[in-house]
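What's counted below: heavy atoms across the whole structure, side chains too, no hydrogens, waters or symmetry copies. Predicted model, so just to flag it, every value in this text is computed and none were measured. Heads up: numbering here begins at 1 and tracks the sequence. Order of listing sets the numbers, starting from 1, for every ligand and every atom in it.
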Amino acid sequence: MSSAAVKVLYRLKDEGYTGYLAGGGVRDLLLNRNPKDFDVATDATPEQIRKIFKNCRLIGRRFRLAHILFRGEIIETSTFRAPVPEDPEDTLHCENTMRVGETGMVMRDNIFGTPEEDAMRRDFTINALFYNIADFSVIDYAGGLQDLEDKIIRVIGDPDKRFAEDPVRMIRAARFAGTLGFEIEKKALDSICRNNNLLADAAPSRMYEEVQKLFFCGHAKGVFQWLEKTDLLHPMFHDFSHWIDEDKKRHDWVIQTLEQMDRWRQAGLRVHPALLFALIFGEYHEYLIQQLIEGGQSPHDAARIAVQGHLKGMCENVRVPKTVIYQVCDIMDHQRRFERTQGRRPQRFIQSRGFLDAFLYFKFSAKAHDRNIELLEFWTDLRKKTPQKIVSKKGRGTRKKATKPDLPIE
Ligand code: ATP
Ligand code: MG
């Protein structure tokens, strides 16, 4: 367990508070997996937490919580939360603390509760376990230990209601099922299939975060299959998913790309978001670009129109940052430059900023489709022979840098 989390837990205990390790940290430790992060739940209020920890900052509007900062690690520490009221009317008198929207979505909540209440308002039973460092026990209010044993993702409470409160939970269910190799219990599965249109109400910035987690969790292929099974794929990526449905080969390409993502992730290699989106949607973008060129657009304009049009409207409410969209445009637009192997152009291209990502895409698609093999050899060869020159920002000359190894493609 992270030494930072242990410090936080002991410190809270020594100050007379209850402090539990909570959420995915407990789940993953019990499953013998490496937790991504460690969260702590406590009966100390945010202000009390701030007094105890100097290295702490309070964040959050909807619910205030503390980030306790350690070197290279943040321990998110939140005060036990109270349940969402049954009846939206009940929240009218406490406007500043909690509000439930017309669809049942929780807009703002800041009232504190007991450990049991806190556990019961978490999303799934396996995410509602606490570890108490005071007596080294696991506290299980929701039946999560049994579900861990049975490998089941079970919603706490009524799935229809819990998904209406926060539609992102549906995507989380698919992610946990795919990542952990668990089943989603029938009632929740039926509920997701019935309610997937609610995703349109989710906050766009959260959706963007979730989409990245889906594809870069190291089990993207399994997660994708759950997105298909739950029919979340259509509301999330409508045009793209319909395009996949038209041809089995397209589906196979996407799976092949996700397998590559998983191999990189499992080898501890990182792919930045633009490259991630370029690779996953690459075949679809190439298809759109081709159609636009046939309709009379220049190749340069076609790349921009196709990529921007798709990523901006991918799902009305996934907010892909503009810089990421532009980078994906560049990757696709640069593909034409690989065909030009004469004169000084290759040298100029290979020294340019966008080359590496474009080359990785080119290499991946060449290998995946068994095409452009001679061109790939040409560029691989040239790359080996050319040490990269990086132009300094202020334009004061250049410095030479050894060529970095590429992400391996199998
Ligand atoms: P991982 O970090 O591996 O993606 P996690 O379960 O730790 O998985 P976090 O997003 O870190 O997920 O959230 C920590 C905990 O907060 C969860 O385990 C869960 O108990 C609770 N939680 C997170 N998101 C929600 C949500 N949308 N609704 C209810 N509870 C949630
Ligand atoms: Mg976590």
Side-chain angles (χ1 to χ4, degrees), residues 1-2 4-5 20-42 59-60 62-63 65-67 73-84 98 100 104-109 113 115-131 138-145 147-148 153-159 161-182 188 191-192 195 198-199 201-203 205-220 222-223 226 265:
M1 187 157 119
S2 123
Y20 298 148
L21 186 71
V26 186
R27 176 198 70 217
D28 289 345
L29 288 176
L30 287 167
L31 289 172
N32 257 329
R33 300 168 62 92
N34 264 342
K36 221 167 54 203
D37 41 35
F38 291 89
D39 299 327
V40 167
T42 176
I59 60 147
R62 201 177 119 177
F63 186 83
L65 47 85
H67 272 176
E73 200 175 350
I74 294 175
I75 304 296
E76 197 169 285
T77 306
S78 54
T79 312
F80 296 128
R81 297 187 197 189
V84 180
M98 182 176 303
V100 178
M105 184 143 62
V106 179
M107 318 291 276
R108 189 181 163 89
D109 59 327
E116 180 167 7
E117 285 172 336
D118 181 276
M120 300 310 280
R121 56 165 292 163
R122 290 172 183 268
D123 46 6
F124 308 111
T125 59
I126 57 165
N127 286 350
L129 296 162
F130 292 135
Y131 171 67
V138 172
I139 304 171
D140 179 11
Y141 289 111
L145 282 174
D147 287 338
L148 271 187
I153 309 290
R154 190 187 307 279
V155 173
I156 298 176
D158 173 34
K161 203 172 130 243
R162 300 306 310 279
F163 292 141
E165 275 171 17
D166 179 4
V168 171
R169 287 175 186 150
M170 296 190 277
I171 309 180
R172 287 172 60 86
R175 175 158 64 88
F176 291 128
T179 311
L180 304 174
F182 280 25
S191 173
I192 297 177
N195 292 307
L198 292 178
L199 274 185
D201 298 331
S205 51
R206 271 186 79 202
M207 287 290 286
Y208 175 64
E209 292 297 314
E210 275 305 319
V211 167
Q212 284 189 74
K213 285 188 198 168
L214 292 177
F215 291 131
F216 216 56
C217 64
H219 300 269
V223 170
W226 272 105
R265 188 75 190 120

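Residue D39 approaches ligand 1 through these ligand atoms, each under 4.0 Å from one of its heavy atoms: 11 (O), 14 (C). Near R175, the atoms of ligand 1 lying under 4.0 angstrom from a non-hydrogen atom of the residue are 4 (O). For ligand 1, the atoms lying closer than 4.0 Å to a non-hydrogen atom of K36 are 1 (P), 2 (O), 3 (O), 4 (O). In summary, the atoms of ligand 1 found under 4.0 Å from a heavy atom of R206, numbered by their order in the structure, are 27 (N). Set against the non-hydrogen atoms of R121, the atoms of ligand 1 under 4.0 Å away are 29 (C).
Considering backbone and side-chain N/O of G24, one or more are found under 3.5 Å from N/O of ligand 1.
A donor-acceptor distance shorter than 3.5 angstrom exists from the side chain of R265 to the backbone of F216, with no hydrogens or angles considered. Although no hydrogens or angles enter the test, the distance criterion places a donor-acceptor pair under 3.5 Å between the side chain of D140 and the main chain of L145.
Residues F124 and R169 share a closest heavy-atom pair of CZ-O, 3.4 Å. The two residues L21 and F38 have their closest heavy-atom pair at CD1-CD2, 3.8 Å. The nearest pair of heavy atoms linking R172 to N127 is NH2-ND2, 3.8 Å.
The part of F176 lying near ligand 1 is the side chain, judged by heavy-atom distances below 4.0 Å. At a heavy-atom distance under 4.0 Å, only side-chain atoms of D37, from C-beta outward, approach ligand 1.
Across the listed options D166, L129, T179, D166 owns the non-hydrogen atom lying nearest to atom 27 (N) of ligand 1. For atom 28 (N) of ligand 1, the nearest non-hydrogen atom from the set R169, R33, R172 belongs to R169.
Interatomic distance, CD of E116 versus CZ of F130, reported as 9.5 Å (0.5 Å rounding). Between D123 atom CG and D166 atom CG the span is 8.5 Å, to the nearest 0.5 Å.
Looking from atom 21 (C) of ligand 1 to the surrounding protein, the closest heavy atom is R122 NH1, 3.7 Å. For atom 19 (C) of ligand 1, the closest non-hydrogen atom on the protein side is D123 OD1, 3.5 Å.
Atom OD1 is the N, O or S atom of D37 at the shortest distance from the Mg ion (ligand 2).
At a cut-off of 2.8 Å, D39 does not coordinate the Mg ion (ligand 2) through any N, O or S atom.
Residue contacts with ligand 1 include R27, since one of its heavy atoms falls under 4.0 Å from the ligand.
Between R206 and E209 no salt bridge is recorded (no basic side-chain N to carboxylate O distance below 4.0 Å).
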Exercise for the section: Test side chain to side chain contact (heavy atoms under 4.5 Å, CB included) on D118 and Y141 and set out the steps. Expected result: CA-CA 10 Å; D118 181 276; Y141 289 111; over 6 Å; no

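Between Y20 and F80, the ring planes lie tilted relative to each other; the angle falls in the 30° to 60° range.
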